[in-house]
J.: 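Would you mind keeping the following structure in view while I ask a few things?
Both counts, for ligands and for their atoms, begin at 1 and track the order of listing. We're numbering straight along the sequence, starting at 1.
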Amino acid sequence: MTRRIVIDTDPGQDDAVALLLALASPELEVAAVTAVAGNVPLSRTSVNARVVCELAGRPDVPVYAGCDRPLRREPYTAEYVHGPTGLDGADLPEPVMPLADGHAVDALARLLTAAEPASVTLCTLGPLTNVATLLRDHPGAGRGLAGIVAMGGGFFEGGNTTPAAEFNIYVDPEAADIVFRSGLPLTLFPLDATHQVLILDDHLRRLRALGRVGRAVAGWLEFYERWDVAKYGFEGGPLHDPCVIAYLLAPGLFGGKDCNVQIEVESPLTVGMTVVDWWGVTGDPANCHVVRDVDAEGFFDLLIERLGRL
Ligand code: RIB
Ligand code: CA
């Protein structure tokens with residue numbers, strides 16, 4: 001029984017690896033990829049998503065361009081991490097496959113409205129602008145969603161963009177607030193989880209040995225990890241977004257608990273903070289399953305085995 005998913009993404013090297021993992025895994029049907037402005041502008045994320053689909057030999061997967069700026073705030077991008085193209089580190093051709101027609105939000109609304117109830121899992125790897133716009137403008141679309149699995153936020157680990165805020169939430173906190181208040185089944189991979197998934201030299205060696213795809217992935221990751229290694233002193237960069245896909249494939253690699261999570265949208269000091277009530281002190285109802293425990297080596301074994309199939 002395959003699981004039907006949509007991946008909303010701002011590639012970004014770690015997004016790209018997540019896309020490859022999904023496309024390499026027969027348990028998943030990638031019904032669509034929706035690009036959003038994030039790590040780099042939409043003009044690049046909508047190209048990069050297609051570069052990755054073609055690298056995976058899947059030009060059949062529809063890639064839609066979505067929102068090119070946050071709901072309210074000025075765009076904030078991360079070329080300082082991902083490079084000007086967003087996929088620096090590997091020299092791959094520009095895509096031949098065209099963008100799918102229409103706005104990503106409209107495509108998502110059509111897909112979810114036509115889907116069986118609770119049949120599609122939405123995997124979000126970037127700012128939540130597309131998803132919030134969908135929920136705001138197409139209130140019935142949520143019926144088709146089995147749930148949302150999102151990379152974003154941080155609690156005991158703090159933020160990576162400000163001391164309080166992680167990038168995906170910081171870029172569009174109003175969008176995140178809409179999603180976290182939606183009542184949809186939500187699973188969150190915060191920095192507390194993804195900072196345990198560090199790219200080590202042995203992982204890069206094993207990736208290069210896979211051939212063309214593995215060499216491209218190793219090149220991306222060697223470029224992308226510099227910023228986190230310099231900032232945190234980690235022995236490798238954290239591989240954030242592929243955790244979302246790995247969770248669908250092997251949930252036993254992860255552990256967490258249901259918590260109340262709210263988004264700070266007002267304070268200039270802490271805007272974009274995910275306020276995770278891990279110890280249940282507020283008594284507020286849980287609205288999110290927050291992942292905190294990761295079997296990192298089990299994750300890399302899965303990732304490398306699957307990428308070897310491409
Ligand atoms: O903070 C890490 C997240 O922000 C990842 O999704 C990365 O790709 C960037 O979008
Ligand atoms: Ca991302």
J.: Checking contacts here: is it the side chain or the backbone of Asp15 that comes within 4.0 Å of ligand 1, counting heavy atoms only? Could be both or neither.
T.: side chain
J.: Please walk me through it: do Ile169 and Glu264 pass side chain to side chain contact (heavy atoms under 4.5 Å, CB included)?
T.: CA-CA 10 Å; Ile169 310 298; Glu264 176 58 62; over 6 Å; no
J.: Examine the proximity of ligand 1 to Asn160 and report which part, side chain or backbone, both or neither, has a heavy atom under 4.0 Å away.
T.: side chain
J.: Which of the numbered atoms in ligand 1 are under 4.0 angstrom from any heavy atom belonging to Leu125?
T.: 6 (O), 10 (O)
J.: Could you tell me the residue and atom name of the protein heavy atom closest to atom 9 (C) of ligand 1, and the distance to it rounded to 0.1 Å?
T.: Asn39 OD1, 3.1 Å
J.: Given Leu239, Val36, Asn168, identify the one with the heavy atom nearest to atom 10 (O) of ligand 1.
T.: Asn168
J.: For Asp241, what is the atom name of its N, O or S atom nearest to the Ca ion (ligand 2)?
T.: OD2
J.: Confirm or rule out an N/O/S atom of Asp15, from backbone or side chain, lying less than 3.0 Å from the Ca ion (ligand 2).
T.: yes
J.: Kindly check if the number of other-residue, nucleotide or ligand heavy atoms within 6.0 Å of CD (Glu235) is above 12?
T.: no
J.: Based purely on interatomic distance, does Glu166 place a nitrogen or oxygen under 3.5 Å from a nitrogen or oxygen of ligand 1?
T.: yes
J.: Using a 4.5 Å cut-off on heavy atoms from C-beta on, say whether the side chain of Glu27 contacts that of Arg306.
T.: yes
J.: Please state whether the separation between the Ca ion (ligand 2) and some N/O/S atom of Phe167 is under 3.0 Å?
T.: no
J.: Could you identify the N, O or S atom of Asp10 positioned closest to the Ca ion (ligand 2)?
T.: OD1
